[in-house]
Amino acid sequence: MTVSDIIEKLDLKVIGGEEGLQNEVTGGYTSDLLSDVMGNVDEGQVWITLQTHRNVMAVASLKEVAAVIIVKDLEADENTISQSNDEGIPLLSSSMEAFELSGELFTLLKKENR
């Protein structure tokens, strides 16, 4: 499953990083603590967070995540969007809470792997 597939199925908005929309998604990780993400997210996963600052994209790039989804319709800083475009890592937005979006993504990925 690609980031584009997830965007379509979960009704997500693309904020930046369109270059990476064909990235393959291997799973998901939900956390707002950057040090937790640095220690536990795996390459190819989608990171769900409410953080909107530039450091999010630095961690996303370091860990080679497939995409970052910002929840609750929170707006990313301009620097965050710019770095998303520079790195080619999709920055997405959802109106859902992190708990709900995590469940939806889990269900979607589980169905895909059957």
Distance-minimising heavy-atom pair for Ala67 and Leu92
CB-CD1, 4.1 Å

In chain order, what residues pass the side chain to side chain contact (heavy atoms under 4.5 Å, CB included) check against Lys111, with sequence neighbours excluded?
Thr107

Heavy-atom closest pair, residues Gly28 and Leu109
N-CD1, 4.3 Å

Look at the side-chain heavy atoms of Ile, Leu, Val, Met, Phe, Trp and Tyr, link any pair under 4.5 Å apart, and say whether Val65 and Phe106 land in one connected group.
no

Got a sec, which pairs hit side-chain hydrogen bond (donor to acceptor under 3.5 Å, both in side chains) with one end in residues 93-104, sequence neighbours left out?
Thr30-Ser102

Suppose we screen for side-chain hydrogen bond (donor to acceptor under 3.5 Å, both in side chains). Which residues come up paired with Thr52, at least two apart in sequence or across chains?
none

If a pair satisfies side-chain hydrogen bond (donor to acceptor under 3.5 Å, both in side chains) and one of its residues is in residues 70-91, list it, with sequence neighbours excluded.
Arg54-Gln83, Ser61-Glu87

Any side-chain heavy-atom pair from His53 and Leu34 closer than 4.5 angstrom?
yes

Sorted by chain and number, sequence neighbours left out, side-chain hydrogen bond (donor to acceptor under 3.5 Å, both in side chains) with Gln45 holds for none

With sequence neighbours left out, the residues meeting side-chain hydrogen bond (donor to acceptor under 3.5 Å, both in side chains) with Asp32 are Thr49

Excluding sequence neighbours, so at least two apart, what forms side-chain hydrogen bond (donor to acceptor under 3.5 Å, both in side chains) with Asp36?
Tyr29, Ser31, Asn40

Distance-only criterion, 3.5 Å: show the donor-acceptor pairs between side-chain atoms of residues 10-27 and protein atoms not counting sequence neighbours.
{"from": "Gln22", "atom 1": "NE2", "to": "Ser4", "atom 2": "OG", "distance (Å)": "3.1"}
{"from": "Asn23", "atom 1": "ND2", "to": "Gly20", "atom 2": "O", "distance (Å)": "3.1"}
{"from": "Asn23", "atom 1": "ND2", "to": "Ala66", "atom 2": "O", "distance (Å)": "3.1"}
{"from": "Glu24", "atom 1": "OE1", "to": "Met1", "atom 2": "N", "distance (Å)": "3.4"}
{"from": "Thr26", "atom 1": "OG1", "to": "Glu43", "atom 2": "O", "distance (Å)": "3.3"}
{"from": "Thr26", "atom 1": "OG1", "to": "Gly44", "atom 2": "O", "distance (Å)": "3.3"}

Is there a continuous path of hydrophobic side-chain contacts, each under 4.5 Å between heavy atoms, that joins Phe99 to Val41?
no

What closest approach, in Å, do Trp47 and Val56 show between heavy atoms, and which atom pair accounts for it?
CZ3-O, 3.3 Å

Test of understanding: clusters of I, L, V, M, F, W, Y form through side-chain heavy atoms closer than 4.5 Å, transitively. Do Leu62 and Leu33 belong to the same one?
no

Nearest heavy-atom contact between Met96 and Val71 is O-CB, 3.2 Å

Nearest 0.5 Å, please: how far is CD1 in Ile48 from CD1 in Ile69?
5.0 Å

